[in-house]
Amino acid sequence: MSVVLDDPIELWSAGSLDEQQIVIRAVYKQVLGNPHVMESERLVTAESQLTLGEITVREFVREVAKSDFYRSRYFETCAPYRFVELNFKHLLGRAPVDQAELSEHITLCIEQGYDAEIDSYIDSVEYQEKFGDNIVPYYQGSISQIGLKQVDYNRTLSLYQGNAGVDSAFKGSRLVQDVATNSATKIKLPSTGGRVAAYQDATEKTFEILVTGSKFDCPRHVSTTRYLVSGAKMTPQIQRIHRAGGKIVSITEVA
């Protein structure tokens with residue numbers, strides 16, 4: 001099955017009302033993971049600000065990514081790895097490239113909160129260079145990108161679900177095992193109907209968290225501690241580590 005990508009959608013300053021609505025629908029589709037958005041769920045105020053030129057497409061993307069719609073479907077109900085994985089897909093149009101990138105964003109979310117995690121993508125140099133202020137983020141799995149390896153291409157393509165796929169249908173990470181073990185990723189394209197088989201939920205996996213920290217009675221002595229936790233208990237364990245002053249070095253899947 002081939003993958004057909006839409007042309008980038010940009011909002012021009014002299015865009016008509018119809019063109020503005022095309023941009024709004026494209027943002028909902030990309031950022032929210034191709035859902036059905038009910039009228040009551042639309043961000044009416046942000047839409048109005050966009051059409052009046054009071055905010056840019058970039059700021060509209062930020063509003064959608066921080067909405068209750070996004071938060072309830074991806075932050076509150078998905079495994080942490082799936083949440084971060086989808087943030088990369090929805091906001092940067094690609095998959096995370098390695099374990100360090102995944103761990104960095106999970107830690108950021110826990111330490112600084114949900115809004116800071118969303119802002120980290122939209123305020124990044126990568127976002128600015130790819131989309132600027134007025135291009136809707138778009139999936140780039142089939143686009144050759146300078147500086148990315150073949151495995152990065154495969155991982156991004158494996159997140160593709162076709163026009164019929166809805167990201168909120170899958171709560172477990174699609175890439176956690178390949179990224180954590182730095183393994184090759186086989187491309188899995190959606191079936192004709194846009195559905196793919198569910199991957200094992202990350203909450204069922206076991207992870208090793210490597211932590212360094214100073215001993216209370218000997219501040220100059222740095223100790224190393226390893227924690228084995230299930231994906232379901234990873235977030236509270238990380239929170240306990242940070243409250244105790246520990247520094248997470250790595251998070252690795254072990255089973």
Side-chain angles (χ1 to χ4, degrees), residues 3-12 15 18-39 41-44 46-47 49-51 55-75 77-78 82-97 105 114-115 117-143 145 148 152-153 155-171 173-175 189-190 194-196:
V3 178
V4 180
L5 300 181
D6 295 330
D7 292 331
I9 297 175
E10 184 171 0
L11 180 61
W12 299 95
D18 286 344
E19 290 170 333
Q20 292 171 344
Q21 290 303 311
I22 289 173
V23 167
I24 289 171
R25 288 195 296 270
V27 170
Y28 282 138
K29 179 179 180 181
Q30 169 66 24
V31 177
L32 297 179
N34 198 30
H36 172 69
V37 182
M38 300 177 63
E39 286 299 316
E41 295 174 315
R42 297 182 63 156
L43 304 182
V44 178
E47 287 185 25
Q49 291 175 321
L50 181 66
T51 58
I55 62 173
T56 62
V57 171
R58 184 178 188 172
E59 293 309 310
F60 184 59
V61 166
R62 194 189 308 271
E63 291 290 329
V64 174
K66 290 184 178 181
S67 67
D68 291 340
F69 191 117
Y70 194 93
R71 187 182 184 110
S72 64
R73 282 163 176 76
Y74 298 118
F75 177 65
T77 60
C78 288
R82 178 63 170 166
F83 172 59
V84 171
E85 171 182 289
L86 288 175
N87 289 342
F88 273 97
K89 177 184 178 183
H90 296 159
L91 302 176
L92 294 180
R94 67 170 176 87
V97 298
H105 281 272
Y114 176 86
D115 284 357
E117 161 65 1
I118 297 300
D119 287 337
S120 69
Y121 301 92
I122 300 173
D123 292 334
S124 68
V125 173
E126 180 180 351
Y127 186 102
Q128 179 62 39
E129 291 179 345
K130 283 182 174 180
F131 314 121
D133 284 332
N134 290 305
I135 296 177
V136 178
Y138 58 95
Y139 173 80
Q140 301 184 25
S142 290
I143 300 175
Q145 300 179 59
L148 292 186
D152 301 325
Y153 165 90
R155 287 172 182 167
T156 297
L157 193 56
S158 72
L159 294 179
Y160 177 75
Q161 295 194 161
N163 291 328
V166 179
D167 286 336
S168 59
F170 301 94
K171 304 302 181 185
S173 173
R174 305 286 299 277
L175 298 173
L189 295 180
R195 292 287 181 181
V196 294

Pair Phe131-Glu10, side chain to side chain contact (heavy atoms under 4.5 Å, CB included): steps then yes or no = CA-CA 9 Å; Phe131 314 121; Glu10 184 171 0; over 6 Å; no

To the nearest 0.5 Å, atom CD1 of Ile9 lies from atom CD of Glu19 at 11.0 Å

Could you give the distance from NZ (Lys66) to OH (Tyr114), rounded to the nearest 0.5 Å?
-> 9.0 Å

Is the Tyr74-Phe83 ring centre distance short of 6.0 angstrom?
-> no

Start with the C-alpha distance between Val61 and Leu91, add both sets of side-chain angles, then the distance that settles side chain to side chain contact (heavy atoms under 4.5 Å, CB included), and finish with yes or no.
-> CA-CA 8 Å; Val61 166; Leu91 302 176; 3.8 Å; yes

Please report, to 0.1 Å, the donor-acceptor pairs under 3.5 Å made by any side chain of residues 21-28, with sequence neighbours excluded.
from  : atom 1 : to    : atom 2 : distance (Å)
Tyr28 : OH     : Leu43 : N      : 2.9
Tyr28 : OH     : Glu47 : OE2    : 2.6

Minimum heavy-atom separation for Phe88 to Ala95, with atom names?
-> CB-C, 4.2 Å

Do Glu85 and Lys89 sit within salt-bridge range, that is, some charged N less than 4.0 Å from a carboxylate O?
-> no

Is there side-chain contact between Val84 and Glu117, with at least one heavy-atom pair below 4.5 Å?
-> yes

Shortest non-hydrogen pair, Ile118 vs Ala65, comes out as CG2-CB, 3.6 Å

Considering only heavy atoms from C-beta outward, does the side chain of Tyr121 approach that of His105 to under 4.5 Å?
-> yes

Can His90 and Gln30 be counted as having a side-chain donor-acceptor contact under 3.5 angstrom?
-> no

Is there a salt bridge (charged side-chain N to carboxylate O under 4.0 Å, His left out) between Glu63 and Arg42 once you walk through the steps?
-> CA-CA 11 Å; Glu63 291 290 329; Arg42 297 182 63 156; over 6 Å; no

Correct closest heavy-atom pair for Gln20 and Gly15 would be NE2-O, 3.7 Å

Counting N and O atoms only, with roles assigned by atom type, does the side chain of Glu129 sit under 3.5 Å from a partner on the main chain of Glu126, one being a donor and the other an acceptor?
-> no

Residues which pass side-chain hydrogen bond (donor to acceptor under 3.5 Å, both in side chains) with Tyr127, listed by chain and number, not counting sequence neighbours = none

How would you list, by chain and number, every residue that makes a side chain to side chain contact (heavy atoms under 4.5 Å, CB included) with Glu59, sequence neighbours excluded?
-> Ile55, Thr56, Arg62

Where is the tightest heavy-atom contact between Ser124 and Leu92, given as atom of each residue plus distance?
-> OG-CD2, 4.0 Å

Would you kindly say whether Tyr70 and Asn87 are connected by a side-chain donor-acceptor distance under 3.5 Å?
-> yes

Ile122 versus Arg58: any side-chain heavy-atom pair under 4.5 Å?
-> yes

